[in-house]
Every structure is written in C-alpha cells, then in structure tokens.
Protein chains: 2
Amino acid sequence: MKASIGDVALKAGVSNATVSRTFAHPEQVSEATRIKVQAAADALNFSISRSAGILKSGRTYRVALLIGSHAIEWFTAEIIAGLNDVLRDAGYDLVIYPIEGAEARDAFFEELPVRNNADAVFVSSFGISPDEVKRLGTAKIPIVGVNTTSEGFDATVGIDDKEGIKLIVRHLAKLGHRNLLYLYESFSSTLGFSSYNRITGFQEACGTIDGMNARTLAVQKNDNIIDAAISEMMAQDNPPTALCFHQDSQAIPLFFRLQRSGLSIPLDISVTGFDDSAFAEEAQLTTVRQRPHDMAVAAARKALDLIEGRPVSKPFETFPVQLQVRGSTAKPRTTPLL
Amino acid sequence: MKASIGDVALKAGVSNATVSRTFAHPEQVSEATRIKVQAAADALNFSISRSAGILKSGRTYRVALLIGSHAIEWFTAEIIAGLNDVLRDAGYDLVIYPIEGAEARDAFFEELPVRNNADAVFVSSFGISPDEVKRLGTAKIPIVGVNTTSEGFDATVGIDDKEGIKLIVRHLAKLGHRNLLYLYESFSSTLGFSSYNRITGFQEACGTIDGMNARTLAVQKNDNIIDAAISEMMAQDNPPTALCFHQDSQAIPLFFRLQRSGLSIPLDISVTGFDDSAFAEEAQLTTVRQRPHDMAVAAARKALDLIEGRPVSKPFETFPVQLQVRGSTAKPRTTPLL
DNA sequence: ATGAAAGCGCTAACAT
DNA sequence: ATGTTAGCGCTTTCAT
C-alpha cells in the first residue's frame with residue numbers, strides 16, 4: 001500500500017511533525033534525524049502528498065487556462081509552454097479548459113468549475129464578453145488576459161495589434177503600394193479582441209496614407225483562403241499589388257501554389273503575414289513578429305504575484321512587435337499582371 | 001470570504017451531510033431540501049471544492065504527461081489536446097512535465113514528483129530508458145506510453161513506424177526509384193523509440209528491394225537540413241532521385257527553395273515526409289499519415305480503465321498508418337540533373 | 001430523508 | 001530539536 005506520513009514516522013521512530021518538517025523545512029531538523037527519516041521514507045517509497053497540504057493551505061495550486069478551441073495551434077501551444085514553465089516551477093498545475101461552441105460556453109459560465117478549484121484564471125485569445133468576465137469575477141480569483149481587452153481583468157499581457165498591422169501597411173506604402181487586399185478567415189463565433197483590432201487597424205492605417213486603396217475580405221471558414229486570394233488577383237479591374245494575410249499560417253499555402261498559378265512573389269505580388277510563426281522565415285515571408293511565449297511567462301508571473309498578494313509591477317503590459325522584412329515584399333509591379 | 005459547505009448548511013438549515021449529498025447524490029435528497037440547499041448555495045456563490053474530496057478519496061485526480069522538450073510542436077500539441085479532451089470530462093486534470101536535458105531528467109527520476117501526486121503517467125515520444133521506466137514503476141500508478149516500446153508499460157498506443165516508412169519505400173520503388181536519401185535531424189539526446197524504428201525501418205525496407213541504393217544522413221541540430229539536402233543533390237556522382245524526410249516539418253522548407261535552387265519537384269526529385277501534419281496537404285507532399293489525436297484519446301481511455309481497475313481491452317494498441325500519395329512523388333528523372 | 005461524527009494526510013501553532 | 005494536537009472541507013457510514 002501507499003505509505004503515509006505516519007508510516008514513515010513509525011519506521012523512523014519520530015513524530016509525524018518531524019517527518020513533515022524533514023520535507024518542508026529540513027533546516028529545522030537535526031542532521032541525524034533527517035538522515036533517519038530520509039532512509040525510512042526511501043525504504044517505504046514515500047513522497048509527500050500534495051493533496052493534503054493543498055486542503056490545509058486553502059490554495060488549490062491549480063491554475064486554469066481558458067481557450068476557445070479544442071485544437072492547439074501555434075499561438076496556444078506557445079502560451080501553454082510559457083505558462084507551464086513558470087507555473088510548474090512554482091508548484092502550480094496548469095489545467096486547460098477548451099470552451100468551444102455556445103453550449104459549452106453557457107455551461108462553463110453557469111457552473112464556473114474554476115470557482116474554488118483554481119487560484120487564478122488565464123483567458124487567452126478568447127472572445128469573452130463583458131458579462132462573462134463579470135461572471136468569472138464572482139469566483140474571486142485573479143483573472144489574467146492574454147491578447148484581450150483589459151475590462152474586468154486583474155492583469156493582461158498582449159501586443160498592440162493596431163501598431164503591428166500599421167507597420168505592415170507603412171512598409172508596403174513606402175515601397176509604393178497603393179492597392180492592398182487584407183484576407184482573413186471569418187469564424188462563426190465572435191471575433192477575438194486581437195483579431196478585431198488587427199482588421200480595423202489595417203483600415204485605419206490605410207486611411208492615413210494618401211491615395212491608398214484598401215479592401216478587406218472575410219473568407220468563410222470552410223472556403224479556401226488561397227483560392228480566394230488568387231481569384232482576386234485574376235480580377236480584370238485593378239487587382240491588388242499586395243496581399244496582407246491575417247496570420248502567417250494563412251499565407252504559407254500560397255507559396256506552394258506559385259508554380260501552378262504562374263504567379264511570382266514578389267514580382268507579381270507582395271505578400272505579408274502576421275506572427276512570425278512556423279516556416280515564416282523559411283518562406284521569406286515579410287511579417288510582424290510577436291512572442292507569445294514571452295507574454296505567457298510574464299502572464300504567469302503576474303498571476304503568481306496576484307495569488308500571493310504581492311504588488312504587480314505592470315498589471316497591463318503591452319509587448320513589442322517588430323516588422324520582419326523579408327523577400328516576399330518588394331516594389332509593386334509596373335506592368336499589368338496580364 | 002469563500003463559503004464552505006458549513007456556511008451553506010447553516011443558511012439552508014440542514015446538515016453538512018445533506019449539502020454534500022445535494023451535490024454528489026441529488027437523488028438521495030428530497031425535492032424541497034434540494035431546492036433550499038441550491039438557493040443557499042447560489043446566494044453564497046458556493047461550489048464544492050474538489051481538494052477536500054480528493055484528500056478523502058485517496059485519488060489525486062491528476063494525471064501527468066512527460067514530454068521531452070519545453071517546446072510544444074505538432075505531435076505534442078495533438079497529444080495534449082486529445083488527452084485533455086477525455087480527461088477533463090472524466091474530472092481529471094492533465095499536468096504537463098517537460099523534461100529536457102540530463103539534469104532535469106535525473107532530478108525528475110530521483111524525486112519522482114508524480115508519486116502520490118498523480119493517478120497515472122503518460123510518457124510521450126520520450127527516449128526513456130528501461131531503468132527509468134522501472135524507477136517510474138515504483139510510483140505504483142499506471143504508466144501509459146505513446147510511441148514508446150512496451151517494456152514496463154501498463155498500456156501503450158502508437159504506430160508501427162517500420163510499417164509506415166516501408167510504405168514510403170515501396171511506393172518510391174514502384175515508381176522506379178533506386179537511389180534514395182533519408183534525412184533526419186540528429187539530437188544530442190537519445191533518439192526516441194519511434195524515430196529509431198523509422199530510420200532502421202527505412203534501411204530494412206530498402207534492403208528488400210532489388211538494386212536499391214539507400215543512404216541515411218543525420219544532420220546536426222543547428223545545421224540546416226535543406227542545405228544538406230540540396231548539397232547532396234548537387235553531388236557529381238549519382239545524386240539521389242528521391243529525398244525521404246524523417247518528418248513533414250523538415251521537408252516543407254524545401255518547397256520554398258525551389259525557385260532559388262532551380263530544382264523542380266517532382267521532375268528533378270521526388271520528396272516524401274512523415275506525419276501528414278500542417279501544410280503537408282497544401283504542399284502536395286507525399287507522406288504517411290498518423291493521427292496522434294486519436295492515439296491520445298485511446299491512451300486516455302486506457303489510463304482511466306487502469307485507474308478505476310477496469311480491464312483494459314487492448315492494452316497495447318497499434319494505430320494504422322496510411323500512405324498519402326500526392327504530387328511530390330513521381331517517376332525518377334530520366335536525364336541527369338545537370 | 002436527514003443528522004452526527006469520524007477521518008482522509010498533512011501542517012503549524014504551541015508545548016516541552 | 002522534537003512531540004502533541006487541532007483542523008483544513010468534504011464524504012460517508014451509521015443512527016434516527
């Protein structure tokens with residue numbers, strides 16, 4: 001059977017408290033006793049159970065991460081890795097709650113399973129409503145947002161999406177582009193805060209450039225964004241000279257179509273992404289770099305500060321974005337596509 | 001302050017036991033009482049704390065996942081998502097332990113933090129040694145392997161890597177290829193079981209084909225596998241007619257180099273991957289499909305069976321692989337590359 | 001159907 | 001430096 005602290009105490013001929021101290025505060029125990037206890041513990045294959053201490057302390061040593069999808073893609077994977085690295089070391093378990101679809105959503109905010117069962121909640125790129133944030137607030141634990149608004153959150157980390165997309169627009173404008181097309185996948189659910197800002201930021205940034213002609217195109221989820229892009233390129237009137245994709249992963253497949261479509265990047269068309277995620281560098285994709293891993297590390301530290309009641313130095317932190325200029329952008333073509 | 005079961009009992013004018021029953025076994029409580037208790041609980045924003053029940057039950061309701069790296073890439077992300085989907089619903093928390101480097105490894109297997117603190121352990125694509133498995137076994141909880149050997153595990157899920165790579169080899173052989181090059185990244189640490197089988201499986205499969213000339217090339221981690229591939233292609237003597245990459249993500253960047261290198265897929269060279277992961281389909285990469293999400297779901301179910309003492313129907317399950325024939329493979333070139 | 005009470009394994013006063 | 005003891009919040013017998 002599993003050995004408990006009492007078994008070890010018995011075997012070592014000391015009290016439960018001494019065994020407990022040997023593990024929690026070894027410096028309070030004499031060398032000789034410590035060795036005796038360690039030996040007994042090893043012989044019984046004993047290790048301290050966290051569950052009991054958790055009950056005693058009133059902390060759950062669990063931290064929840066709310067994500068909007070069951071699938072874990074680049075951004076979420078980076079967030080999970082970053083949070084986990086910090087939280088593991090601090091003795092906290094990261095528990096992932098994927099909340100997809102209206103029913104799951106209602107159920108979650110109705111039951112609020114994190115109440116009494118987590119010491120903090122992270123909300124990552126989740127189009128959460130003010131009502132939901134308020135409801136989450138009744139759990140009385142710190143709420144930390146990742147690429148969310150700051151309304152109702154105790155702390156947030158994120159990038160300035162508008163600033164990021166503005167870097168793209170200005171880069172293209174400086175190269176001479178005056179005809180841009182922005183492409184993104186439209187989801188059935190509400191657009192996340194970050195996505196929304198990126199799209200409206202694009203329009204705003206274009207509005208400040210003289211003679212800029214900019215359009216946005218929402219491609220339905222089960223439609224192919226690359227086919228949509230190529231169709232726009234083949235339009236007879238005034239096809240764009242640059243394609244701005246909402247995120248790198250949507251732009252990458254275009255590079256596989258070059259030969260078959262007869263298009264050339266950047267001679268016929270300039271292409272940009274957003275994220276600087278997998279393969280962006282190899283594809284020479286001009287993009288905006290964000291570092292979700294760094295954001296997650298900072299978010300985890302803020303959460304720990306809030307949990308332990310320490311002051312949080314920068315509760316609402318904006319992380320830098322950086323333009324990565326690569327080979328997929330150049331001056332616009334001077335002759336018509338056809 | 002946080003309401004506990006006693007507060008609710010007081011407010012509802014019933015005993016603690018009745019409140020507990022209202023949540024755990026509502027059918028044992030009269031309608032009237034149930035409503036009274038629910039009302040009191042709602043008013044106090046109360047929800048049952050899992051920590052106390054956990055202590056009482058002896059279960060931790062935590063399940064550990066051991067992975068070999070802090071970074072979470074395609075395969076691991078799929079595994080996490082699949083495990084979490086099943087375990088969440090069953091009330092278990094999935095806790096991720098990244099174990100990277102020799103020191104972290106020694107520390108983990110020395111301290112064995114999962115002992116007494118998890119109800120099961122998953123080991124995913126982790127080059128774990130027999131000694132380490134044995135040591136893990138002293139924790140007396142089920143050990144489930146994902147793409148590992150079956151030695152010492154209570155259950156495993158995985159694919160037959162040898163079978164998978166054999167499909168690739170035979171496909172290329174049938175097309176007429178007799179000069180293959182296998183490329184993989186060599187890591188400092190021990191090669192995982194799955195990777196090892198894939199590489200040796202390649203050699204074995206080639207050995208059964210008449211006149212097959214096959215080589216393998218280990219590219220150092222911080223060297224560029226695509227540069228290595230192109231260099232081999234440019235060799236004067238007998239360059240390969242097909243490149244077999246260890247995994248899709250290593251093959252993908254080659255598609256971005258086509259124009260600059262003057263190479264054409266599949267006219268000059270056939271290319272294969274392994275995994276059928278992100279962008280494989282868009283790149284028209286011939287590959288072998290594996291479904292880590294499905295494997296994870298099965299692994300989670302087996303773990304639950306083991307935890308609850310139910311018989312496990314198929315403790316050691318091999319999942320199917322399927323060849324995905326796409327445009328990156330064709331008959332070998334008939335004229336020299338140069 | 002409901003209540004009283006013991007106890008899960010540990011920690012932290014407090015006492016020695 | 002070590003032992004004694006109460007109690008964290010809940011579940012579950014056993015009574016009623």
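Chain A is the first sequence line, chain B the second, and so forth, proteins listed ahead of strands; every chain is numbered from 1. If you're wondering where the values come from, they're calculated on a predicted model, not measured in any experiment. Quick note: numbers below take in every heavy atom, side chains included, and nothing from hydrogens, waters or symmetry partners.
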Sugar-phosphate, base or nothing in reach of B/Thr33, heavy atoms under 4.0 Å: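 Touches sugar-phosphate only.
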A/Thr60 versus A/Asp119, side-chain donor and acceptor atoms under 3.5 Å: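 Per modelled atom types, A/Asp119 and A/Thr60 side chains form a pair under 3.5 Å.
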Polar side chain donor-acceptor pair, B/Ser47 to A/Arg115, under 3.5 angstrom: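 Yes, side-chain donor-acceptor contact under 3.5 Å.
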Partners meeting ring-ring contact (aromatic ring centres under 6.0 Å, His included) with A/Tyr61 (sequence neighbours left out):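 Checked A/Tyr61 against ring-ring contact (aromatic ring centres under 6.0 Å, His included); matches are A/Tyr92.
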Partner residues of B/Phe23 under the ring-ring contact (aromatic ring centres under 6.0 Å, His included) criterion, sequence neighbours left out: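 B/Phe46.
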SB check [X] [Y] (cutoff 4.0 Å):
X: A/Arg291; Y: A/Glu78; result: no
X: B/Glu100; Y: B/Arg105; result: no
X: B/Arg50; Y: B/Asp93; result: yes

Parallel, tilted or perpendicular: ring planes of A/Phe109 versus A/Phe126, cut at 30 and 60 degrees: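 Rings of A/Phe109 and A/Phe126: tilted, as their planes differ by 30° to 60°.
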Where protein sits on nucleotides 9-16 of chain D, one letter per nucleotide: B base, S sugar-phosphate only, - none, heavy atoms under 4.0 Å: BBBBB---
4.5 Å side-chain heavy-atom contact, B/Pro98 and A/Asp85: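 Of all side-chain heavy-atom pairs linking A/Asp85 with B/Pro98, at least one is under 4.5 Å.
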Five-pair end axes of the helix from C/dA1-D/dT16 to C/dT16-D/dA1, angle between them (10°):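 The helix from C/dA1-D/dT16 to C/dT16-D/dA1 shows an end-to-end axis angle of 30°.
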Boundaries of the chain B footprint along DNA chain C (any atom under 4.0 Å from a heavy atom):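 Both ends considered, the range comes out as C/dA1 to C/dG9.
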Any pair counted as side-chain hydrogen bond (donor to acceptor under 3.5 Å, both in side chains), so long as it reaches residues 139-149 of chain B, sequence neighbours left out: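 Qualifying pairs: none.
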